[in-house]
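As structure tokens, the structure follows; a few thoughts come after it.
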Amino acid sequence: MAAKNKAEMRRRMSALGLPTPWNCRVSCNASLPAFIPFPIVAKPCEGVASIDVRLCDNLASLKRFVEEMSAKGRSEILLERFLEGTLFSLETLGDGRALHAVGGFDVALSPLPHFVELSARWNGPVGRQYRDAAVAQIRQFGIGLGACHSEFIATADGPVLVEINYRSLGDGDEFLLDRLTHGNWFSAILDLHLGHALAEVIPRCTTTSTAETIYLAADTSGYLRDAPPSFVENKEDNGAVWCWYQALRHSGEHIEITHSNKDYVGALHLIASHETQLERARRDCLDRVRFSLSPAALDAGDCRKSG
């Protein structure tokens with residue numbers, strides 16, 4: 001529960017002496033606290049995919065946000081001080097006794113005031129720099145058995161936990177990680193829950209390749225035109241470069257912007273043996289997955305041509 005409920009997570013972090021930003025749990029029907037250290041991030045106490053997460057620079061913007069949440073039927077929100085720094089994730093496996101960091105992603109986000117994930121680089125420099133400190137924090141928090149996907153902000157004072165998802169990562173990256181671990185990600189999680197020791201599982205989950213996910217997100221509401229279809233291919237004869245485009249929307253669909261991961265049109269997943277191969281594959285594939293939006297619905301002929 002402390003991992004899933006963000007207010008409970010902050011309370012537990014504070015009690016354990018972990019780095020904890022200013023935060024306050026607020027009822028949407030009650031008065032706001034007298035002191036708020038703007039800018040702050042306002043979010044539901046329970047939520048996923050950055051839905052209804054907003055940066056508020058002042059009291060007026062916060063009041064508008066609270067009114068929106070109340071209209072949506074939200075009862076409570078969490079306010080917390082905005083943290084400057086790079087977002088990175090940590091992917092761990094544990095057997096209930098020991099904990100192992102498989103790796104993590106350096107994450108690029110959309111422009112403020114929203115927090116939509118636009119790309120994620122496997123084992124980027126920021127995550128590598130702070131990995132030991134991040135593992136120590138979630139171990140102290142109490143994470144142990146199975147898979148855990150946690151997220152941190154690398155601040156000037158070190159990493160600070162943003163959220164803990166006590167489960168495997170998602171948004172298609174779980175399949176990317178399964179391929180990075182040679183098809184062992186899901187079986188490793190099952191084995192840990194079946195009582196296997198971590199030492200038996202780790203050798204099967206070692207990753208050496210470079211990888212990246214790029215999320216294609218709509219930036220305005222409208223009807224989707226020319227939506228690229230899903231494809232999977234190897235870009236090199238020896239299979240050293242793997243590309244998977246996962247189409248999440250199709251031509252003719254109407255997209256209503258939510259400023260969250262629900263705005264994704266598709267996700268491009270890339271794995272390569274080295275950086276030069278990855279950059280070349282990224283350029284080639286991005287040219288193939290362009291899309292456009294129209295304020296008007298497509299007619300049947302346009303849908304057939306786009307499909």
Side-chain angles (χ1 to χ4, degrees), residues 3 87-108 117 119-132 134-136 138-139 143-152 163-215 230-246 261 267-279 281-282 285:
L87 178 67
F88 70 93
S89 78
L90 175 68
E91 317 305 331
T92 58
L93 293 172
D95 60 7
R97 296 172 297 277
L99 196 65
H100 173 69
V102 178
F105 291 90
D106 285 8
V107 179
E117 187 173 320
S119 67
R121 180 64 183 273
W122 177 246
N123 282 341
V126 176
R128 291 200 309 270
Q129 178 182 351
Y130 293 106
R131 185 152 300 153
D132 289 345
V135 171
I138 66 166
R139 181 182 285 117
I143 299 302
L145 178 64
C148 183
H149 166 69
S150 50
E151 297 179 2
F152 295 78
E163 65 178 47
I164 302 175
N165 300 279
Y166 207 166
R167 54 162 172 77
S168 171
L169 73 171
D171 284 325
D173 281 333
E174 67 272 46
F175 299 108
L176 177 71
L177 191 48
D178 189 55
R179 189 170 183 92
L180 278 168
T181 56
H182 313 290
N184 288 311
W185 180 244
F186 301 108
S187 61
I189 296 170
L190 290 171
D191 283 346
L192 290 168
H193 283 276
L194 288 169
H196 290 248
L198 187 62
E200 300 174 35
V201 172
I202 290 175
R204 293 189 278 127
C205 289
T206 301
T207 67
T208 57
S209 298
T210 182
E212 183 178 24
T213 294
I214 301 170
Y215 297 104
S230 297
F231 64 84
V232 180
E233 64 183 33
N234 292 315
K235 302 289 285 186
E236 306 284 346
D237 291 339
N238 60 1
V241 181
W242 178 80
C243 308
W244 171 39
Y245 178 70
Q246 178 186 13
N261 297 9
L268 177 62
H269 307 276
L270 305 168
I271 297 176
S273 298
H274 54 75
E275 180 66 28
T276 302
Q277 289 177 325
L278 188 71
E279 290 181 359
R282 183 194 305 119
C285 290

Do the side chain of [X] and the main chain of [Y] share a donor and acceptor less than 3.5 angstrom apart?
{"X": "Asp95", "Y": "Ala197", "value": "no"}
{"X": "Asn165", "Y": "Arg167", "value": "no"}
{"X": "Gln129", "Y": "Pro125", "value": "no"}
{"X": "Ser89", "Y": "Phe105", "value": "yes"}
{"X": "Tyr166", "Y": "Gly146", "value": "no"}
{"X": "Glu174", "Y": "Gly172", "value": "yes"}

Is it true that the side chains of [X] and [Y] contain a donor and an acceptor less than 3.5 Å apart?
{"X": "Asn123", "Y": "Arg131", "result": "yes"}
{"X": "Ser119", "Y": "Glu117", "result": "no"}
{"X": "Asp171", "Y": "Asn261", "result": "yes"}
{"X": "Trp185", "Y": "Ser168", "result": "yes"}

*Would you please classify the geometry between the His269 ring and the Tyr215 ring as parallel, tilted or perpendicular, with 30° and 60° separating the classes?*
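Answer is perpendicular, since the angle exceeds 60°.
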
*Fit a plane to each ring of Phe186 and Phe175, take the angle between them on a 0 to 90° scale, and name the class: parallel (under 30°), tilted (30 to 60°) or perpendicular (over 60°).*
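Geometry flag for Phe175 against Phe186: tilted rings.
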
*Sequence neighbours left out, what passes side chain to side chain contact (heavy atoms under 4.5 Å, CB included) with His193? Give chain and number order.*
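Counting only residues at least two positions away or on another chain, His193 forms a side chain to side chain contact (heavy atoms under 4.5 Å, CB included) with Leu145, Ile189.
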
*asked:* According to side chain to side chain contact (heavy atoms under 4.5 Å, CB included), who are the partners of Thr208, at least two apart in sequence or on a separate chain?
replied: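 Thr208: no side chain to side chain contact (heavy atoms under 4.5 Å, CB included) contacts found.
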
_With salt bridge (Lys or Arg N to Asp or Glu O under 4.0 Å) as the rule and sequence neighbours excluded, what pairs involving residues 268-278 come up?_
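Non-adjacent pairs meeting salt bridge (Lys or Arg N to Asp or Glu O under 4.0 Å): Arg121-Glu275.
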
*Nearest 0.5 Å please: distance from the CG atom of Leu198 over to the CG atom of Leu99.*
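Answer for the CG-CG pair, Leu198 versus Leu99, is 7.5 Å.
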
*Working to the nearest 0.5 Å, report the span between CD1 of Ile214 and SG of Cys285.*
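Atom-to-atom, Ile214:CD1 and Cys285:SG are 8.5 Å apart.
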
*Verify side chain to side chain contact (heavy atoms under 4.5 Å, CB included) between Cys148 and Ile164, making sure each step is shown before the conclusion.*
CA-CA 7 Å; Cys148 183; Ile164 302 175; 3.6 Å; yes

*In terms of side-chain geometry, is the basic nitrogen of Asp106 or Arg128 positioned less than 4.0 Å from the acidic oxygen of its partner?*
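Arg128 and Asp106: not salt-bridged.
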
_Step-by-step side chain to side chain contact (heavy atoms under 4.5 Å, CB included) determination, Ile138 to Thr92_ = CA-CA 10 Å; Ile138 66 166; Thr92 58; 3.8 Å; yes

*Under a 4.5 Å cut-off applied to non-hydrogen side-chain atoms, are Ser187 and Arg204 in contact?*
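Ser187 vs Arg204: side chains touch.
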
*Taking the side chain as C-beta and beyond, is there a heavy-atom pair between Ile271 and Val241 under 4.5 Å?*
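No, their side chains stay 4.5 Å or more apart.
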
Shortest non-hydrogen separation from [X] to [Y] and the atoms involved:
{"X": "Gly104", "Y": "Glu91", "result": "CA-CG, 4.2 Å"}
{"X": "Leu270", "Y": "Cys243", "result": "CD2-SG, 3.6 Å"}
{"X": "Ala101", "Y": "Leu90", "result": "CB-CD1, 3.9 Å"}
{"X": "Ala134", "Y": "Phe88", "result": "CB-CE1, 4.1 Å"}
{"X": "Asp178", "Y": "Asn184", "result": "OD1-N, 3.4 Å"}
{"X": "Leu180", "Y": "Ser209", "result": "CD2-CB, 3.9 Å"}

_Between Leu194 and Asp191, is the side chain to side chain contact (heavy atoms under 4.5 Å, CB included) condition met? List the steps._
CA-CA 5 Å; Leu194 288 169; Asp191 283 346; 4.3 Å; yes

*Any chance you could lay out the side chain to side chain contact (heavy atoms under 4.5 Å, CB included) test for Leu176 and Trp244, step after step, and finish with the verdict?*
CA-CA 9 Å; Leu176 177 71; Trp244 171 39; 5.8 Å; no

*Counterpart residues, salt bridge (Lys or Arg N to Asp or Glu O under 4.0 Å), relative to Glu212 (two or more places apart)*: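 If we apply the salt bridge (Lys or Arg N to Asp or Glu O under 4.0 Å) test to Glu212, skipping adjacent residues, the hits are Arg282.
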
_Once salt bridge (Lys or Arg N to Asp or Glu O under 4.0 Å) is applied, do any residues pair with Arg139, and if so which ones, sequence neighbours excluded?_
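Partners of Arg139 under the salt bridge (Lys or Arg N to Asp or Glu O under 4.0 Å) test: none.
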
*Trp122 pairs by side-chain hydrogen bond (donor to acceptor under 3.5 Å, both in side chains) with which of Thr207, Thr210, Thr213?*
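Of all the options given, the one that passes is Thr207.
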
*Residues in side-chain hydrogen bond (donor to acceptor under 3.5 Å, both in side chains) contact with Glu151, at least two apart in sequence or another chain*: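 With neighbours one apart ignored, the set is His149.
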
